[in-house]
Amino acid sequence: MTLFSPFICLLLAYVVVGTHLTVQKYTPDWESLDKRPLPAWYDQAKVGIFLHWGVFSVPSYGTEWFWHRWVADKKKDFVDFMTKNYRPGFTYGDFAAQFTAEFYDPKYWAEIFKASGAKYVVLTTKHHEGFTLWPSKVSYNWNAMDVGPNRDLVGDLSTAVKDAGLHFGVYHSLYEWFNPYFLKDQANNFTTNEFTKIKTRPELEELVNTYKPDLIWSDGSGGAHPEYWEAQKFFAWLYNDSPVKDTIVVNDRWGSGTAGKHGDFFNYHDRYNPGVLQKHKWENAMTIDKHSWGYRRNAKSTDYLSTHDLLLTLAQTISCGGNILINIGPTHDGVIKPVFEDRLRDLGHWLSVNGEAIYESKPWKHQNDTTTKEYTPDWESLDKRPLPVWYDQAKVGIFLHWGVFSVPSYGTEWFWQRWKTEKKKDFVDFMTKNYRPGFTYGDFAAQFTAEFFDPAYWAEIFKASGAKYVVLTTKHHEGFTLWPSKVSYNWNAMDVGPNRDLVGDLSTAVKNAGLHFGVYHSLFEWFNPFYLKDQANNFTTNDFTKIKTRPELEELVNTYKPDLIWSDGDAGPAEYWESQKFLAWLYNDSPVKDTIVVNDRWGNGVSGKHGDFFNYADRYNPGVLLKHKWENAMTIDKQSWGYRRNAKSTDYLTTHDLLVELAQTISCGGNILINVGPTHDGVIKPVFEDRLRDLGHWLSVNGEAIYESKPWKHQNDTTTKEVWYVLTQIDINYN
């Protein structure tokens, strides 16, 4: 519910002296300073952008606390990183020359921030390393004008942000880890404050007088009390006499004991989000990268909040009366990476529709609904779910068709259907020639032995291929489950054949290799009598869904926690399969609700209309850019998804064929899911392994044009037919 207040209460602090009207002065004590009203713009703004940028953006490893972790904490991974990558004697100061910002475009940054729906921007003008992003007079040769970018980064961004109609704020660290003046004061138990007088206070006044910010975000008290930092004196000047006295807002980090007690707004600690209404204005300063405020080159896609995560945090924060300050980390060369830009633009798109429930809103008497789910079981609601970011960034997946059909390994994975229902002559002849009379398809299950199945080796092949996710056929249309399903008695890989949990073994190996694991699952089964009965009833009954399909899906999700469900065999209406109900549970309450992605095969008429990504039909490759995320599920064996013993070498795509397919797919905005068919005894044949390793070798050289890329305005060259375009940004390593 959005509640709009019909009035605005203005507090005018005037003292009448004789016939003169005088604005009240604030004295340098908390009792006086705490009475200052919060400038209205801040509460109305609701959404801000935080930028952590500095010399730490050069190593861009681990955290913005890199220097401290390496030199003071002597953390092994940081020490090893320096030993491995830099010459002996290399110092943190040497990084500064590599903080170049050559691609820094403050106007473009400001455009991103405005497009995000944010109303204010806060830049780390100086972090605990002490390097100032402006030409400070008290930071000689350790500032962005004297070394590195050779420009006033604060001034450039301040101008661009204000020109975009946004409020500009400055983050400033009070202390500096290794500054000898601070360390001397610290050794004196802060009975002296030379560092405050010659460094901290002059810097703060430089920032205010030069750039006239609307917000100061203080940090890094270093264990010193507010009197050491002269915080009350600075506040009194700021509120009474500074050029921003009417608009400035400050946070609550001004010395030990001030957090949550003094300041125009409180943020207590990083990522503070109480989940309940607070009496005092507060702010949730949080990060899109879950592990760091500064940019990390080694971050994985799963390390970033999804758009869905971001919107949930926004809603909770605003509902409880807070502002949200969303942090991103630019690179050393001045680039805001696509993963951050995409999140911000997604946020802006949402706010362009729902902004009236955010800006200038007030908390209601209740902060959340304890019963309402975010997604309701209808397509209108389900289709609004944002695509989890990992999937679009992954680009390349491996598909595995494996089951009882791998035993005859003849013709197609549809062997049973071709033989028994369609009575195809070549399949009938194959059985007559090679098997005794009365041999059934069920008899094949005992020969599905998987004795050479080595899930760790399979996972190594997939990782070497450059793929980022793996999808296993946990159950094909034959109905045989590769896990010990409770609703597939004696027709599963634990009870007959391998006598092991094939899904569980591969899931563990794939995740241990750092890849995403997905499950293919067939909704229907060719010969299951419960399904055939429902089909005969024109799907007016759905006993099969209730006793087989839905329980299987929930088993897979709850047991193996996949990041992807690849549904298939959707003969019947979506309502028969209870697809909307299942997806609502999946998105709202399942253990994978934040990461799961699903395709578009959930019932008649669903394909190409509903799902996190579309794959329309097998081997779908439109050759043009599509509006919705899509996937090309294709096979290395041109004629079959399951393994065929009688396949010829010419039946397989060449490495060149595979790379052409990859280039075309990625250029048009799709992911590619490359299928291989293991044998009944658990072997990935060399013809498949070679193709995957060839692909991995190519991606090891050219991966920057694939992973996290975006489609360009043109997909291919009209004169050179095998040239396909993508849009990507490239890191330049100067080491």
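Predicted model, so just to flag it, every value in this text is computed and none were measured.
- Taking the side chain as every heavy atom from C-beta outward, Arg296 and Asp289 approach each other to under 4.5 Å.
- In this pair, Phe439 and Tyr435 present their aromatic rings tilted. The plane angle is within the 30 to 60° band.
- Using a 4.5 Å heavy-atom threshold, the side chains of Asp309 and Asp594 count as touching.
- Aromatic ring pairs are classed by plane angle as parallel below 30°, tilted from 30° to 60° and perpendicular above 60°; the pair Phe524 and Trp526 is perpendicular.
- Classified by interplanar angle (parallel below 30°, tilted 30° to 60°, perpendicular above 60°), the ring pair Trp416/Phe527 is tilted.
- Note: Trp458 and Trp402 have tilted aromatic rings, judged against thresholds of 30 and 60 degrees for the angle between ring planes.
- Between Arg693 and Glu460 a salt bridge is recorded (basic side-chain N to carboxylate O distance below 4.0 Å).
- Between His476 and Tyr520, the ring planes are parallel. Angles under 30° get that label, and only those over 60° would be called perpendicular.
- For the pair Lys486 and Glu555, the salt-bridge criterion is not met [side-chain N within less than 4.0 Å of a carboxylate O].
- In this structure, Tyr560 and Trp483 have perpendicular ring planes: the angle between them is above 60°, well past the 30° mark.
- A cation-pi contact, defined as under 6.0 Å to the ring centre and within 45° of the axis, links Lys468 to Tyr707.
- Contact annotation: the side chain of Asn671 never approaches that of Thr665 to less than 4.5 Å [non-hydrogen atoms, C-beta and beyond].
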